[in-house]
Amino acid sequence: MEMVPSEENQFVPKEIQNAAEEPRVLCIIQDTTSAKTVNERLTLNLPASTTLSKLYEDVAHKAGYVNGTFDLAWGNTLDMAPLDHSSEMSLSDSGFEPGGKRNFLQLTDKDGEQPQTVSDESRTADSSGVDDSSQERFIGPLPRDSTAGCSGDYSSPSYSYSSILSKSDTGYVGLVNQAMTCYLNSLLQTLYMTPEFRNALYNWEFEESEEDPVTSIPYQLQRLFVLLQTSKKRAIETTDVTRSFGWDSSEAWQQHDVQELCRVMFDALEQKWKQTEQADLINQLYQGKLKDYVRCLECGYESWRIDTYLDIPLVIRPFGASQAYGSVEEALQAFIQPETLDGPNQYFCERCKKKCDARKGLRFLHFPYLLTLQLKRFDFDYTTMHRIKLNDRMTFPEELDMSPFIDVEDEKSPQTESCTDSGAENEGSCHSDQMSNDFSTDDCVDEGICLDSTGSTERVLKPKSLLTFELFSVMVHSGSAAGGHYYACIKSFSDGQWYSFNDQHVSKITQDDIRKTYGGSSGSRGYYSSAFASSTNAYMLIYRLKDPSRNAKYLAADDFPEHIKSLVQKEKESEEQEKRQREIERNTCKIKLFCMHPVKMMMESKLEVHKDKILREATEMAYKMMELEGVVPLDCCRLVKYDEFHEYLERSYEGEEDTPMGLLLGGVKSSYMFDLLLETRRPEQLFQPYKPGEVMVKVHVVDLKTETITTPISIRAYLNQTITEFKQLMAQATGLCAETMRVVLERCYNDLRLLYVPNKTLKAEGFFRSNKVFVESSESADHQVAFTDSLLWKLLDRHGNTIRLLVLLPEQSPGTLANRTLCQKVGGDSDVPFEGSKGNRKSVEAILEESTEKLKNLSLQQQGSSTSDSQKSSDASDFEHIESPTQEADSNSSLCVAADNRELENRIRATAGCSGGASSDPENHFACEERSDSEVNNDRSTSSVDSDILSSSHSSDTLCNADSGPIQLANGLDSHSITSSRRSKAHEGKKETWDTAEEDSGTDSEYDDNGKSKSEAQYLYFRVEPCSQDDSSWDAQKCLVIHVDKRITLAAFKQNLEPYVGVTSTQFKVFRVYANNQEFESVRLNETLSSFSDDNKITIRLGRALKKGEYRVKVYQLLVNETEPCKFLVDTVFAKGMTVRQSKEELLPQLKEQCKLDLSIDRVRLRKKTWKNPGTVFLDYHVYEEDISISSNWEVFLEVLNEPEKMKSMSQLAVLTRRWSPATMKLGPFQEVILESSSVEELKEKLSEVSDIPLENLEFAKGRGTFPCDISVLEIHHDLDWNPKVSTLNVWPLYICDDGAVVFYRDSTEEPMELSDDERNELMKKESSRLLKTGHRVSYSPRKEKALKIYLDGGPAKDPGQD
């Protein structure tokens, strides 16, 4: 098919442009296999009849790929399941949308291999990395746009399976970054590209009988290297290697230093290779030797020792210097530059027998074959107390001559006669003609460059030819000292080409790219040049000695040892198995499966079936998955298309039992817009066919006589049916008379519509896929009244607003106060009367009124008998103690008490379904027991929360069926309701503010000004039944199930609960329980229960509820000089109109009783609390709500004074001051200073009085942050704004306008203490620990790093004491 270009490099078939008679499918294809094409799009406008195989051909033609070497997958889904290459299914049948709608596809790798281009079909990159010059250049961290090159963004990017950047054309394989393992990937690629290390690793043979392969580090490295050399994948995982280190998944999120990893890994390999041929491999390749010496400048005597090294750390910038070293050679020269020991640092010479001036330094004696240089870019800035990265420019050569840095002079042991040179010119050298044999005896040729004991002439010439090293690996760090990204630039020894190994991505680079890693910036910025330099620079350099006799080449596959060839074959078979498994996955349809199990109710699973399996086989698979064997015969089951969200049966598949599932489901997709339902039937029933276009209707039959609503039955109808036809259909299904039938459609919550127009269609009435209707057919007069005034509407309205609550009663009742009389509403809730109550039925209102009146009378009697002191204490406390003597209970024959809660349970069960009457049983008595508030509610943190956080979910599926049979669950669950239970549970975790309290309002009273209950104006449905063990995890004996109209107010709800709790509503509190068992008190009495939903839990606790104008208050003690200055004391109640002194009078006895604090009223103050900050001091005459704003969930500080209160007026200002002593590096305790004005001069005078610092030498600064404004003693002297040039405190930069501000002061003549480096480091650790304990910021310790460890025993030991 010829293609013509269109806009934006898109191509359109020429035939399609002229063909308008057939629907077209617009395909937009993104090629994700190459970095060069990822931002381009191919657009094909094809006929809808085009087959998938033809689509592949067209895409291959335009993309320039060989057909069959790539996949096409849907681009708008997470799971990229490819389309079938060979399918003859048309685009329209495969899920493509015609008519101008865009169909997004992605062109991806096939089986992890990059597509072959047409011009490149016969060529494949080999494992040596040889490639042409046309491929993409890439170095550095991945930029955010599509351009290649270095980027300042050092965040380690994340990649999908079909990655944004392509598999490299270089033939090299990348490594997947587990999370933050880029440092590991860089080192592994460097070791892999080192021929000597790779070949030695291949020559080592793993003995499975001796070690577990999972924990063998050499074996896992061997496997990884084999995969890097032979795999066809774009990138491979390193999880097996890290697992052999003993690391778990958390280690992947810890970034470490690559040099540290190198040392730790080499140590681990040496341990694993003990007593093998590779035991000394690390030393042979990487170990060098140097001499640490001290030479006396008077006699020339030299003391020295030999040290080994694996890498050479090179300083970037000397300590205290502003200029960095410009090159590696300069840094190496500085490394061996000796220092002079003189003055107090003189050296004690063994020969002179006295302290003398001396030279101390290092000399290289032996360079390793593989020379590793670490550029020390990470440092610590003692000025800012921050860890920093030095980005200064440091050049490094491609060939490094190390002969200037080797010690070519002969060595002597310390016991031999020392050199006579004074060290003025040739410091550090000796004049003996013999090299010391201290280290040469154990050296061999493989160890590197070792100077033999031949003549000095040869010794001078030989290093020149042997000490030239060539650079082959540069490990680059991009970022800061806090974190960043590592990648490696490595030269291949097979072709001399440089490559960038950046996690998954490998690309060619040039020498210019290597020079970009020198660091530094283009312009000079003086001292601060490092701060403005590029953050991408070299961190580790690895050189190899240029020695043709030793330089190895990579082992080719034909030269592999036999055990490596076996490993290659094993890994190839494993890869083929993965490929086959992926092929199966790509051809597997995965779809949600539901089933209404006859025993287990609604079940949900995921059906995974191959696309070629037929419907009959899939039904059998689903039958076994849903465990229906032995319950329902297989021929009584079928799979139907189902919409779980709308609970809609879309269609059945009659006559398609032999059709492949791929055709039925519309192909293999990552997700489907529909589900499957395994439908069952009884043997004598027949399956009803479900045709596309039908709508599902749930029909509830309403009985006006019994005021009940039945469980729904399902029928199917068509949207073009009229209301008259629909009534005839329902008449057949329900047996009702169609002529007198009233049909009500519930479109959404509380939206009830009477369908009365006979010729109107269901579509016009608003029917959709799944619908709910209520039908009633009777000849009562209810037909004659308006629908909103009819009994039918009232029943449906009640049905839609009734919710089911689980209420947990208190464990102990107050005893004789009241009988927990069980009552239910009169009006036909049940035809079964309560035994013993015939002829004596009372309405709920009558029982509640009688019970409440008795409770009020008893409460008045008790209040009269109590003393005024106890009454005052009771009013102030959270719980009012109620005493009920047995004698009083016995004399009061009108009060009935029960023996225990079991009697209550029996009575609840006996009265379940009672129509309204309930008689008191004088033989049952409640045990009398007094209970304190702490027993009732020991969780102070939740019990007094004034505002209630509640769910806003509404239930429109509630039923209030109150007949004698089993009650219908409030959320409408039945055999036809599929998913409502899961939806209702999803609301349990939601929390919204139910108590949207105004700041100036407290709780509302349950009674109006005349003492009449506000709830008496309108009765709302309230019905109680016993709680079974199936309903709740709570103790069923103490739990009630309450069906209540959610439009009822909290006040009316509490009044209805009075007979069951046994006390008046003012003597118990209501707590809402959330999914995490957290409780919040509900106190807004005039708010409704509209935010509650089905099966919400409520806990009832005894204790005095708040009255109108009262607020619950948390009292905290302010301890300004303690480590934790804020300590919780008690919960109390403050009332509107109360003075501060009155609140203190009521608070002090409570503190004495509960906190054992015996305080004087003149030695305590209350003050505002804003989080942890002390604020305004409240004066005794202040009145709550008038002078002091008070709100729900209020908190206040109580401060104990050492002397009588000095604050007498609001014009005064209380400031907390603290002295800073630079000479001792210590902060003094807090002292309060009372100012009469906001004058700075007055503040300084007061501070001078308390500290004896002369006024002219006194300096002050305002503290920062929250109280107590902690700051490190290493920062306070310089970081604060000392002695601001202002005359008043209430202006910038002080803004001290309220009590509680923190002010530091000092003597300006006092010099700071001089600290050595060790003292500063020790003090820094102490300050860091102190500030972390107090929860304040520690600016110089940004994060706590986890130590890098490789565990040789399989994993870290678990410390039970650790978190």
Side-chain angles (χ1 to χ4, degrees), residues 811-812 814 866-883 929-946 1069 1079 1081 1101-1104 1106 1110-1135 1138-1169 1171-1175 1177-1180 1184 1190 1193-1207 1216 1229-1230 1232 1267-1268 1300 1333-1334:
E811 294 182 3
Q812 298 172 345
S866 61
T867 63
S868 59
D869 291 340
S870 64
Q871 182 178 355
K872 183 183 296 183
S873 175
S874 174
D875 290 340
S877 66
D878 186 41
F879 174 70
E880 187 173 4
H881 295 287
I882 304 173
E883 297 184 2
E929 184 172 339
E930 185 177 296
R931 190 172 182 200
S932 67
D933 179 55
S934 61
E935 292 170 331
V936 172
N937 183 8
N938 54 15
D939 185 1
R940 293 193 179 102
S941 63
T942 59
S943 64
S944 60
V945 177
D946 197 16
K1069 297 174 286 188
E1079 297 182 357
E1081 184 180 359
R1101 290 217 171 94
L1102 300 179
R1104 184 169 72 80
L1106 295 180
E1110 289 185 338
Y1111 302 87
R1112 206 173 302 282
V1113 178
K1114 289 179 179 293
V1115 181
Y1116 294 80
Q1117 186 175 3
L1118 178 63
L1119 303 164
V1120 292
N1121 286 309
E1122 297 290 334
T1123 306
E1124 180 51 58
C1126 181
K1127 176 186 176 183
F1128 176 78
L1129 293 177
V1130 294
D1131 279 322
T1132 189
V1133 176
F1134 288 176
M1138 179 186 287
T1139 65
V1140 172
R1141 187 171 182 86
Q1142 288 173 337
S1143 65
K1144 289 198 292 186
E1145 288 173 349
E1146 297 194 358
L1147 179 61
L1148 292 185
Q1150 193 176 348
L1151 292 174
K1152 185 175 182 181
E1153 178 184 355
Q1154 297 185 25
C1155 305
K1156 311 303 179 187
L1157 291 177
D1158 194 1
L1159 305 174
S1160 169
I1161 195 170
D1162 296 323
R1163 294 294 181 93
V1164 295
R1165 71 156 63 129
L1166 297 180
R1167 64 190 306 166
K1168 184 178 180 181
K1169 179 180 182 293
W1171 194 40
K1172 291 187 177 181
N1173 297 310
V1177 175
F1178 298 148
L1179 304 181
D1180 283 354
Y1184 296 116
I1190 189 169
N1193 201 26
W1194 204 47
E1195 294 181 345
V1196 68
F1197 268 129
L1198 178 137
E1199 188 177 5
V1200 181
L1201 305 176
N1202 296 324
E1203 55 186 359
E1205 178 66 81
K1206 292 183 179 180
M1207 290 286 290
L1216 292 168
F1230 278 105
E1232 187 178 70
F1267 186 81
K1333 286 179 181 177
T1334 58

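Given the structure is predicted, the values throughout are model-derived calculations rather than measurements.
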Legend entry - Residues in salt bridge (Lys or Arg N to Asp or Glu O under 4.0 Å) contact with E1122, at least two apart in sequence or another chain: none
Inset, instruction - Over 60° means perpendicular and under 30° means parallel, so classify the ring planes of F1178 and Y1184, tilted if in between. - result: perpendicular
Legend entry - Residue pair V1130 / C1155: nearest heavy atoms and the distance that separates them: CG1-SG, 3.5 Å
Legend entry - Distance (rounded to the nearest 0.5 Å) between E1081 CD and L1106 CG: 6.0 Å
Legend entry - Under the side-chain contact (heavy atoms from CB on, under 4.5 Å) test, residues paired with K1169 that sit two or more places apart: Y1116, C1126, E1195, F1197
Inset, instruction - Check L1118 against R1167 and note the closest heavy-atom contact, atom names and distance. - result: CD2-CD, 3.9 Å
Inset, instruction - Scan L1157, L1148, L1201 and name whichever one has a side-chain contact (heavy atoms from CB on, under 4.5 Å) with V1164. - result: L1148
Inset, instruction - Taking all non-hydrogen atoms of both residues into account, name the closest pair between P1174 and L1216 and its distance. - result: CG-CD1, 4.2 Å
Inset, instruction - Name all residues meeting the salt bridge (Lys or Arg N to Asp or Glu O under 4.0 Å) criterion together with K1206; count only those two or more places apart in sequence or in a different chain, and write none if there are none. - result: E1203
Inset, instruction - In sequence, state the C-alpha distance, the side-chain angles, and the governing distance for L1179 and V1140, and then conclude on side chain to side chain contact (heavy atoms under 4.5 Å, CB included). - result: CA-CA 7 Å; L1179 304 181; V1140 172; over 6 Å; no
Legend entry - Heavy-atom side-chain proximity of V1196 to S1143 below 4.5 angstrom: no
Inset, instruction - Answer yes or no: is there a side-chain heavy-atom contact under 4.5 Å between L1159 and L1198? - result: yes
Inset, instruction - Please lay out, stage by stage, how R1104 and V1133 fare under the test side chain to side chain contact (heavy atoms under 4.5 Å, CB included). - result: CA-CA 10 Å; R1104 184 169 72 80; V1133 176; 4.0 Å; yes
Inset, instruction - Verify side chain to side chain contact (heavy atoms under 4.5 Å, CB included) between E1145 and I1161, making sure each step is shown before the conclusion. - result: CA-CA 7 Å; E1145 288 173 349; I1161 195 170; 3.4 Å; yes
Legend entry - Verdict with supporting geometry, V1115 and Q1150, side chain to side chain contact (heavy atoms under 4.5 Å, CB included): CA-CA 11 Å; V1115 181; Q1150 193 176 348; over 6 Å; no
Legend entry - Residues, nucleotides or ligands: over 12 heavy atoms within 6.0 Å of K1144 NZ: yes
Inset, instruction - Working to the nearest 0.5 Å, report the span between CZ of R1165 and CE of M1207. - result: 6.5 Å
Inset, instruction - Please name the pair of heavy atoms, one in P1268 and one in F1230, separated by the smallest distance, quoted to 0.1 Å. - result: O-CZ, 3.7 Å
Legend entry - Euclidean distance, L1151 CG relative to E1146 CD, rounded to 0.5 Å: 12.0 Å
Inset, instruction - Using a strict cut-off of less than 4.0 Å between a Lys/Arg side-chain nitrogen and an Asp/Glu carboxylate oxygen, indicate whether E1205 and R1141 qualify as a salt bridge. - result: no
Inset, instruction - Going by the side-chain contact (heavy atoms from CB on, under 4.5 Å) test, name the single residue among T1132, V1113, L1129 that passes it with L1147. - result: T1132
